[in-house]
There are 2 protein chains.
Amino acid sequence: MDPQVKDKRTAIMDAALKLFTERGFHGTSTAQISKEAGVATGTLFNYFPTKEDLINSLYFEFKGRLSCNIKVGINEEVSLKDKLRRLWLNFIWWGVNNPEEYLFVEQFCSSPYITKITREEVMKEYIFFYNLTQEGITSGIFKHHTPELTMKIFFHGTKAVGGLILDPNVSLDTDELIEDGFRIIWNGLTTE
Amino acid sequence: MDPQVKDKRTAIMDAALKLFTERGFHGTSTAQISKEAGVATGTLFNYFPTKEDLINSLYFEFKGRLSCNIKVGINEEVSLKDKLRRLWLNFIWWGVNNPEEYLFVEQFCSSPYITKITREEVMKEYIFFYNLTQEGITSGIFKHHTPELTMKIFFHGTKAVGGLILDPNVSLDTDELIEDGFRIIWNGLTTE
DNA sequence: CCCAAATGACTGATTAGTCAATCGTTGAAA
DNA sequence: TTTCAACGATTGACTAATCAGTCATTTGGG
């Protein structure tokens with residue numbers, strides 16, 4: 001009920017997310033996390049046996065949320081372009097509204113920790129989008145590039161736009177950036 | 001002469017580069033760097049007063065090399081498209097041929113260390129390209145987007161292609177990837 | 001012989017993780 | 001209603017290992 005008396009496990013995860021994205025995994029000590037969460041050092045290890053377990057728990061938590069959210073409403077669209085626009089919007093808005101969680105997932109993916117868990121767990125999330133891309137290629141909407149290149153360009157496009165929106169040194173209209181960005185990538189992938 | 005008897009300062013920087021990109025700044029101890037470089041722990045501190053100095057020295061070294069290399073041959077081209085293609089090629093090939101240095105610069109840019117040195121030092125490097133982008137916009141070659149968005153999309157395009165080339169799980173023709181990638185981005189930024 | 005370069009044992013601080021002691025809630029007995 | 005035993009949740013002082021950085025000593029080329 002009272003947000004102050006929230007679950008300690010949640011408090012630890014919130015504190016860890018904040019500090020990890022701020023200072024990195026190695027740059028954040030378990031003592032700092034405990035202090036930020038307002039619990040004793042021992043409490044952290046009741047919920048997460050090791051620091052690495054904490055990191056992995058955070059990853060699966062946020063990765064799960066991200067996976068759900070980027071698919072919202074896609075099946076309601078009929079054309080491939082609308083489906084991909086929905087994916088584009090979902091992905092960017094997720095990053096903009098949850099910058100710490102988004103940053104954490106990115107940080108985790110390019111860290112040694114990823115090698116310790118099944119990489120397939122991560123990959124199978126993208127199959128959904130891989131199929132979408134391939135649909136565009138075989139149906140002739142996309143130019144005849146490999147799905148890998150098409151996917152990479154698309155996702156790096158979302159990163160480019162998301163990065164601009166979150167950059168405090170840049171103040172441009174958010175909706176316009178998102179729409180312009182999509183048009184650029186879509187045109188690039190389709191027009192000859 | 002003999003590569004074994006190379007300058008100790010260089011040996012330390014090489015070792016640090018390797019370990020930093022492998023395990024991150026905090027994840028690498030000065031003792032590990034010294035051992036990898038084949039010198040005593042004290043020697044490292046003869047050349048670099050602190051660990052942070054070592055990191056900053058590495059950054060300025062590689063950033064300088066990168067800045068020089070991506071501009072090679074651009075002024076010899078006449079059309080904007082050829083200049084940008086040259087930039088595209090230079091940037092991707094630098095990343096592919098010097099993955100550790102490239103990764104290090106990226107890692108450094110998105111770390112707290114960057115705040116401790118003049119950020120302008122980094123920014124002024126991009127003015128060159130910013131002007132190139134603006135030239136394309138004012139001359140009507142590029143669509144009327146902000147230079148910021150145009151730049152971001154372009155550089156994220158190079159990252160997308162570079163990432164695919166370096167990904168050991170993907171084996172696609174390098175030259176084709178680079179050319180296809182450029183065509184996608186160029187078409188996206190120019191066609192209506 | 002000399003002196004800058006190199007060394008590695010050393011220091012105080014900090015790390016991840018432990019564990020015996022304490023806290024606070026609960027349910028049943030008086 | 002009051003009391004208290006019981007037990008899981010929480011605590012923080014503690015440890016062994018590791019950290020960045022020091023410095024008296026050794027080394028080796030001119």
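Numbered from 1 within each chain, the chains take letters A, B, ... in sequence-line order. As the structure is a computational prediction, the values presented were derived from the model and not from experiment.
One interatomic measurement links the two molecules: CG of A:L54 to P of C:dG17, which rounds to 10 Å at whole-angstrom precision. Rounded to whole Å, atom C1' of D:dT22 lies 18 Å from atom CZ of B:F48. The separation between B:I12 atom CD1 and D:dG21 atom P is 14 Å, rounded to whole Å. If you take CZ of A:R9 and P of D:dA9, they are 13 Å apart, rounded to a whole angstrom. As rounded to whole Å, 18 Å separates atom P of D:dC19 from atom CD of B:E52. Across the protein-nucleic acid pair, B:K35 atom NZ and C:dT7 atom P stand 15 Å apart, rounded to whole Å. Atom CG of B:N46 is separated from atom P of D:dA24 by 14 Å (rounded to the nearest Å). One atom, CG of B:D53, and another, C1' of D:dA20, lie 13 Å apart when rounded to the nearest Å.
For A:K8, the side-chain atoms get nearest to D:dT10 when compared with the rest of C:dG17, D:dT10, C:dA6.
Judged by distance alone, the side chain of B:N56 and the main-chain N or O of B:E52 form a donor-acceptor pair under 3.5 Å. Side chain of A:K143 to main chain of A:G188: a donor-acceptor pair is present (N/O by atom type, distance under 3.5 Å, no hydrogens or angles). In this structure a side-chain-to-backbone donor-acceptor pair under 3.5 Å is present from A:K51 to A:T28.
Electrostatic pairing of B:E61 and B:R65 counts as a salt bridge here, judged by a charged N lying under 4.0 Å from a carboxylate O.
Between the side chains of B:T43 and B:N46, not a single donor N or O lies within less than 3.5 Å of an accepting N or O.
The environment of NZ in A:K18 is sparse: at most 12 heavy-atom neighbours from other residues, nucleotides or ligands sit within 6.0 Å.
For B:E106, the side chain to side chain donor-acceptor pair (under 3.5 Å) test picks out B:K159, with sequence neighbours left out.
Sequence order on DNA chain D of the closest nucleotides to B:T43 and B:K51 puts B:K51 first from the 5' end. The residue among A:F45 and B:A40 whose nearest nucleotide of DNA chain C is located toward the 5' end is B:A40.
Looking at heavy-atom distances under 4.0 Å, A:Y47 makes contact with sugar-phosphate atoms alone, never a base.
Of the residues in residues 22-33 of chain A, not one places a heavy atom less than 4.0 Å from an atom of DNA chain D.
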Shorter than 3.5 Å, N or O on both sides, protein versus nucleotides 23-25 of chain C: list them out with atom names.
none

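Counting heavy atoms from C-beta on, the side chains of A:F104 and A:I55 come closer than 4.5 Å. With a 4.5 Å cut-off on side-chain heavy atoms, A:R85 and A:E179 count as touching.
For a distance-only test at 3.5 Å, the side chain of A:T41 qualifies as a donor-acceptor partner of the base of D:dA13.
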